[in-house]
Amino acid sequence: EADIYQTPRYLVIGTGKKITLECSQTMGHDKMYWYQQDPGMELHLIHYSYGVNSTEKGDLSSESTVSRIRTEHFPLTLESARPSHTSQYLCASSGAPGTGELFFGEGSRLTVL
Amino acid sequence: GDSVTQMEGPVTLSEEAFLTINCTYTATGYPSLFWYVQYPGEGLQLLLKATKADDKGSNKGFEATYRKETTSFHLEKGSVQVSDSAVYFCALSDPGGSYIPTFGRGTSLIVHP
């Protein structure tokens, strides 16, 4: 059973609001990832981290930012939400060297009006 | 760079039918290969994996064999159930590389009673 948690599961907010999507894992994994999933199901990597104080941008350009101050915590922040940010956001972690297996949270579905 | 190509969906089957979802990959190293499943409203979870050529991964009646000669990792199940309706993602991870997994676009499976 994977121990990775995302909150909130669902969020509806107005344009211009600041939001933070939380992601926590209790497995002690070094590597963590944020994916944006479009309605066609495809996953787009937007941020990743190799460990504390390490953050990198992914393949898909995103106006969001992330931080990694603690191993277990990898929050994603949007300073000013827009309708184009409406999407499903999935957090994942990986720790076992040499396997590349990911553990995913249940996702945060964001709707910006 | 690395890439994963899987068949487009949706794949629509009747209960107890045989399932094949094709997946081929391109990688410079010797990747590990994965199938993930995403049930409605949830995050992805690992279905099965194979870490070297000719390995067969299996779980819940699903199987896939790592074929290096054809660079393929096709997912099969002999008799699908309605509860197998989900989106299936093929993925690879190069243990000698960046540890950033590469995902296919996902294939939706719909099983009718």
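Naming: A, B, ... by sequence-line order, numbering from 1 per chain.
Both B:Y66 and B:V4 are assigned to one and the same hydrophobic cluster, defined by single-linkage of ILVMFWY side chains at heavy-atom distances under 4.5 Å. By the criterion of side-chain heavy atoms lying less than 4.5 angstrom apart, applied directly or through intervening Ile, Leu, Val, Met, Phe, Trp or Tyr residues, A:F74 is grouped together with A:L60 in one hydrophobic cluster. A single hydrophobic cluster is seen to contain both B:F34 and A:L43, as judged by linkage of ILVMFWY side chains at heavy-atom distances under 4.5 Å, directly or through other members. A single hydrophobic cluster is not seen to contain both B:L46 and B:Y88; linkage of ILVMFWY side chains at heavy-atom distances under 4.5 Å, directly or through other members, places them apart. Connection of A:V12 to A:L78 is not established within any shared hydrophobic cluster, with ILVMFWY side chains joined at heavy-atom distances below 4.5 Å, either directly or through further cluster members.
By the neighbour-count criterion of 12 heavy atoms within 6.0 Å, atom CD of B:E8 is sparsely surrounded, having that number or fewer from other residues, nucleotides or ligands. The environment of B:Q81 atom CD is dense: over 12 non-hydrogen atoms of other residues, nucleotides or ligands sit within 6.0 angstrom.
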Do B:L44 and A:L90 pass the side chain to side chain contact (heavy atoms under 4.5 Å, CB included) test, and can you show the C-alpha distance, the side-chain angles, and the key distance before you say yes or no? CA-CA 9 Å; B:L44 281 70; A:L90 294 170; 3.7 Å; yes
Any chance you could lay out the side chain to side chain contact (heavy atoms under 4.5 Å, CB included) test for A:E101 and B:Y36, step after step, and finish with the verdict? CA-CA 10 Å; A:E101 177 182 345; B:Y36 289 85; 4.3 Å; yes
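Using a 4.5 Å cut-off between heavy atoms, A:Q6 does not touch chain B at all.
When each of B:T107, B:V87, B:L92 is checked for heavy-atom pairs under 4.5 Å with chain A, B:V87 comes out on top. Between chain A and the residues B:G43, B:G106, B:S108, the largest count of heavy-atom pairs under 4.5 Å involves B:G43.
A distance-only check finds no donor-acceptor pair linking the side chain of A:Y33 to the backbone of B:I100 [under 3.5 Å].
Heavy-atom minimum distance, A:E42 versus B:R105: OE1-NE, 3.4 Å.
Two residues are said to be in side-chain contact when any heavy atoms from C-beta on lie closer than 4.5 Å; A:M41 and B:F89 meet this criterion.
Atom-to-atom distance recorded for B:E42:CD and A:Q88:CD is 10.5 Å, nearest 0.5 angstrom. Put simply, CZ on A:F104 and CD on B:Q38 are 8.5 Å apart, with the number rounded to the nearest 0.5 Å.
The interface of residues 105-113 of chain A with chain B, defined by heavy-atom distances below 4.5 Å, comprises A:G105, A:E106.
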